[in-house]
Amino acid sequence: MGGLALAIALTVVVAAPRAHAGVLEIDDSGRVRRFDGPTQFVGSAAQALPIAQAAPAPTARAPHRRAAAAVVDAAATRHGLSPELLRSVAQRESGLDPAARSPKGATGLMQLMPGTARDLGVDARDPAANADGGARYLQRLLARYDGDIVKALAAYNAGPGAVDRHGGPPPYAETRAYVDAILERMAQSVAPRPQATVRTAP
């Protein structure tokens, strides 16, 4: 995509009498803008009337989760990624739990596999190193797929080999749910919507 923003058309289903269509615009670093209502796209630019959003209700977060989120945000900033993107990946991967370990052996915040951690030269048991390695790996995937965040996220979940074989996100239910969940979390961080559901194109 080069320096152009990637705009993904989304169907957002809300617990209300009417469904709302929206556009989630994600640039090459993963920064997000959401457009609801009439939107005109001209080249890489978008114009939309601002829509007032209710402030999200404060939620209680355990201190260790706040500390984990800060570690992830710092890694995102160091590597030029959107903190919302990296935090959404970490939330999906490990629930922001540095001690999380999957049955397959993935470890830590962004669930680095032993081979991936070794290739990145990081100790996956160290939260800061794990987040830094995950940020670098996601950055490499974004570069590999020319800023296509859907392909990069699918590759983070299923591996770049699967994405390359299928010419895009592989038709795995787990991978599709993974990508959908992260895009929805990013959309919610920009413009929260109660009971919203996001589906990527088949």
- Message: Among Val163, Ile182, Leu141, Asp180, which residue satisfies the side chain to side chain contact (heavy atoms under 4.5 Å, CB included) criterion with Leu153?
- Response: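 Between Leu153 and the candidates, side chain to side chain contact (heavy atoms under 4.5 Å, CB included) is satisfied uniquely by Ile182.
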- Item | Glu84 side chain vs Gln188 backbone, donor-acceptor pair below 3.5 Å |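 Not a single qualifying donor-acceptor pair exists.
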- Message: Test your reading of the model: is there a side-chain donor-acceptor pair from Thr107 to the backbone of Gly105, 3.5 Å cut-off?
- Response: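 Flag set: sc Thr107 to bb Gly105 pair under 3.5 Å.
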- Item | Min side-chain heavy-atom separation Arg185-Gln91 under 4.5 Å |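 When only atoms from C-beta onward are counted, Gln91 and Arg185 do touch, with a gap below 4.5 Å.
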- Message: Side chains of Val72 and Leu96, heavy atoms from C-beta outward: is any pair under 4.5 Å?
- Response: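 Yes, at least one pair of side-chain atoms sits under 4.5 Å.
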- Message: Suppose we screen for side-chain hydrogen bond (donor to acceptor under 3.5 Å, both in side chains). Which residues come up paired with Thr116, at least two apart in sequence or across chains?
- Response: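 Thr116 satisfies side-chain hydrogen bond (donor to acceptor under 3.5 Å, both in side chains) with no residue once adjacent residues are dropped.
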Spatial distance of atom [atom1] ([X]) from atom [atom2] ([Y]) [nearest 0.5 Å]:
X	Y	atom1	atom2	result
Arg87	Ser82	CZ	OG	7.5 Å
Ser102	Leu112	OG	CG	10.5 Å
Leu81	Arg136	CG	CZ	12.0 Å
Asn157	Thr175	CG	OG1	4.0 Å
Arg66	His64	CZ	NE2	10.5 Å

Can you confirm whether the side chains of [X] and [Y] place a donor and an acceptor under 3.5 Å from each other?
X	Y	value
Tyr137	Asp132	no
Glu93	Tyr178	yes
Arg78	Gln139	no

Restricting to non-hydrogen atoms, name the atom on [X] and the atom on [Y] that form the minimum distance, rounded to 0.1 Å.
X	Y	answer
Ala90	Met110	CB-CG, 3.9 Å
Gly95	Arg65	O-NE, 3.9 Å
Ala131	Leu86	O-CD2, 4.4 Å
Pro83	Ala76	CA-CB, 3.7 Å
Leu120	Gly133	CD1-O, 3.3 Å
Pro170	Arg176	O-NE, 3.9 Å

- Taking only residues at least two apart or on different chains, which pairs with a member in residues 102-123 satisfy salt bridge (Lys or Arg N to Asp or Glu O under 4.0 Å)?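 Sorted result for residues 102-123: Asp123-Arg125.
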- Query: Stepwise, does the side chain to side chain contact (heavy atoms under 4.5 Å, CB included) test hold for Tyr145 with Asp164?
  - Reply: CA-CA 10 Å; Tyr145 297 112; Asp164 293 346; 2.9 Å; yes
- Task: Could you go through the side chain to side chain contact (heavy atoms under 4.5 Å, CB included) check for Leu138 and Val89 one step at a time?
- Result: CA-CA 10 Å; Leu138 184 57; Val89 172; 4.2 Å; yes
- Item | Check against side chain to side chain contact (heavy atoms under 4.5 Å, CB included), Asp146 and Asp148 | CA-CA 6 Å; Asp146 297 322; Asp148 188 323; 5.9 Å; no
- Derivation of the side chain to side chain contact (heavy atoms under 4.5 Å, CB included) call for Lys151 and Tyr156: CA-CA 9 Å; Lys151 287 182 179 179; Tyr156 197 98; over 6 Å; no
